[in-house]
There are 2 protein chains.
Amino acid sequence: MKRSRAPLQVSPQPALKLGRPERTRAAILNAAFDFIWAQPFRDMTVGSLMAATGVSRSAFYQYFDDRHELMETLLEMLQDEIFDVAQPWIAGVGDPVALLRESLEGLARVGYRRGPFLRAITDAAATEERLETAWKNFLGRFDDAACTRIEADQAQGLIPAFDVRPVAVALTRLDAYSLLEAFGQRPRSRPEPVQEALARVWISTLYGAKWAERDSSPLVRR
Amino acid sequence: MKRSRAPLQVSPQPALKLGRPERTRAAILNAAFDFIWAQPFRDMTVGSLMAATGVSRSAFYQYFDDRHELMETLLEMLQDEIFDVAQPWIAGVGDPVALLRESLEGLARVGYRRGPFLRAITDAAATEERLETAWKNFLGRFDDAACTRIEADQAQGLIPAFDVRPVAVALTRLDAYSLLEAFGQRPRSRPEPVQEALARVWISTLYGAKWAERDSSPLVRR
DNA sequence: TTCATGCCTGACACGATGTCAGATAGTATA
DNA sequence: TATACTATCTGACATCGTGTCAGGCATGAA
């Protein structure tokens with residue numbers, strides 16, 4: 001069972017100039033990536049994971065406290081990648097509808113590429129408190145960012161006045177679990193319909209249905 | 001540790017005229033209800049569960065294959081209760097916005113009452129294939145129902161034309177995971193803001209923002 | 001009271017986890 | 001190159017939760 005095209009790699013150059021510990025750690029992470037890409041988290045035991053590394057099972061504990069801490073590492077690796085693609089709407093200037101479309105397009109793309117990993121993280125979060133907290137914090141960052149943006153646009157009269165937080169939380173969950181549903185396990189759905197559905201819901205809710213159509217010309221101004 | 005007001009009860013009359021096996025089965029279920037009400041599913045071992053029943057651990061396996069099958073039973077018990085409160089919009093006639101508000105109000109109410117149980121079910125679903133499938137089927141019933149209703153209203157020109165399925169799936173996930181977020185673990189949030197947020201998103205997306213305000217007079221006609 | 005049914009129990013084997021003392025490989029020094 | 005030191009790695013162990021089994025015992029019928 002050889003790895004043709006790893007979905008994630010710790011070290012692009014297999015083992016260029018790494019000390020032994022770094023190499024082992026990378027081997028564990030790569031084995032985890034491969035595993036999660038192909039199988040659900042519940043089947044990933046420390047034993048089955050380390051069997052793919054050529055290193056003994058107990059060596060695992062030199063690098064991670066347990067499976068869940070490994071998943072926490074994985075979450076940290078994905079966290080910024082995901083948050084970054086949402087930046088246009090979060091922090092951008094210009095036509096907010098276009099920015100929102102751009103952010104959601106990015107989210108759908110990265111969700112598609114990393115779906116199985118996100119899925120593994122949420123599965124793991126159900127069985128351990130620490131990781132559950134980390135996942136909630138991750139979502140919370142989006143909640144906060146969405147609140148800020150919505151409030152700013154409300155102040156400009158672009159979004160109707162309403163109690164922001166619950167709506168922001170709901171929309172964040174919409175994104176997270178729509179992506180997990182569509183891309184969390186292979187075979188994955190096509191990204192386009194998902195992206196369009198998210199855009200429709202977000203835009204209708206915040207800016208009004210008249211902007212929700214794909215071809216509605218936004219008031220471009222950048 | 002006595003049970004003051006059980007969140008769910010199998011037999012209202014403690015043990016009126018039940019044979020021994022039925023009584024034991026009910027005791028297990030009640031113990032599970034109490035446990036889940038107070039602690040996360042991950043801490044519910046067969047041992048800790050049966051300790052609360054006065055029956056030996058191994059007796060558990062006479063009634064359930066494992067913890068997950070027990071949770072599947074719990075899901076079956078909740079399934080109809082939840083699906084029923086959504087009926088107004090799913091199958092009702094009259095002002096669709098008012099019906100939708102009614103359904104979402106019901107969902108928020110039952111979500112509030114059963115939140116910890118739903119949470120336990122999704123947590124358990126992450127660790128076992130069978131239950132995962134059952135949960136997906138449960139959500140799928142809502143997806144199908146929402147699709148049907150949306151298509152009907154589209155045919156009447158009440159909802160703009162768009163690719164229905166992805167939007168229905170997204171909105172269903174919005175509901176499920178908003179309720180889980182708000183009510184899945186105690187202390188639970190207040191239901192009203194959650195309900196209003198759900199209503200705003202659903203109504204804006206499907207029927208347009210002009211109906212999204214709480215006090216907008218719907219075209220009542222019943 | 002006696003008998004038969006089948007629920008219940010304690011003990012067992014298994015699998016996964018996390019730890020530990022000792023073996024060993026890698027690295028710095030002479 | 002040889003030596004010694006450091007820290008990784010290993011196999012074995014104790015623990016915990018699971019699911020099964022043969023035998024004991026409560027329950028209800030005759």
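Each chain gets a letter, A, B and so on, in the order its sequence line appears, and its residues count up from 1.
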Mind checking what makes salt bridge (charged side-chain N to carboxylate O under 4.0 Å, His left out) contact with [X], not counting sequence neighbours?
| X | value |
| --- | --- |
| Glu192(A) | Arg190(A) |
| Asp144(A) | Arg165(A) |
| Arg149(A) | Asp153(A) |

Between [N] atom [atom2] and [X] atom [atom1], what is the distance in whole Å?
| X | N | atom1 | atom2 | answer |
| --- | --- | --- | --- | --- |
| Leu70(A) | dG18(C) | CG | P | 12 Å |
| Glu22(B) | dC8(C) | CD | P | 10 Å |
| Glu69(A) | dT17(C) | CD | P | 15 Å |
| Gln62(B) | dC8(C) | CD | P | 6 Å |
| Arg23(A) | dT27(C) | CZ | C1' | 13 Å |
| Glu128(A) | dG18(C) | CD | C1' | 14 Å |

**Message:** Salt bridge check, Glu105(A) against Arg109(A): does any charged N sit closer than 4.0 Å to a carboxylate O?
**Reply:**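 Counted as a salt bridge, because a side-chain N and a carboxylate O are separated by less than 4.0 Å.
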**Message:** Please enumerate all residues that pass ring-ring contact (aromatic ring centres under 6.0 Å, His included) together with Phe83(B), with sequence neighbours excluded.
**Reply:**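 Phe142(B).
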**Complete:** Under a 4.0 Å heavy-atom criterion, the protein footprint on nucleotides 13-21 of chain D, written with B, S and -, is -----BBB-
Residues 125-132 of chain A side chain polar contacts: donor-acceptor under 3.5 Å, at least two apart:
{"from": "Thr127(A)", "atom 1": "OG1", "to": "His68(A)", "atom 2": "NE2", "distance (Å)": "2.7"}
{"from": "Thr127(A)", "atom 1": "OG1", "to": "Ala124(A)", "atom 2": "O", "distance (Å)": "2.9"}
{"from": "Glu128(A)", "atom 1": "OE1", "to": "Leu131(A)", "atom 2": "N", "distance (Å)": "3.1"}
{"from": "Arg130(A)", "atom 1": "NE", "to": "Glu72(A)", "atom 2": "OE1", "distance (Å)": "3.3"}
{"from": "Arg130(A)", "atom 1": "NH2", "to": "Glu72(A)", "atom 2": "OE2", "distance (Å)": "3.2"}
{"from": "Glu132(A)", "atom 1": "OE1", "to": "Arg42(B)", "atom 2": "NH1", "distance (Å)": "2.9"}
{"from": "Glu132(A)", "atom 1": "OE1", "to": "Arg42(B)", "atom 2": "NH2", "distance (Å)": "3.0"}
{"from": "Glu132(A)", "atom 1": "OE2", "to": "Arg119(B)", "atom 2": "NH2", "distance (Å)": "2.7"}

**Prompt:** Any side-chain N or O of Tyr63(B) less than 4.0 Å from the OP1 or OP2 oxygen of dC7(C)?
**Reply:**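 Answer no for this pair, as no side-chain N or O of Tyr63(B) is under 4.0 Å from OP1 or OP2.
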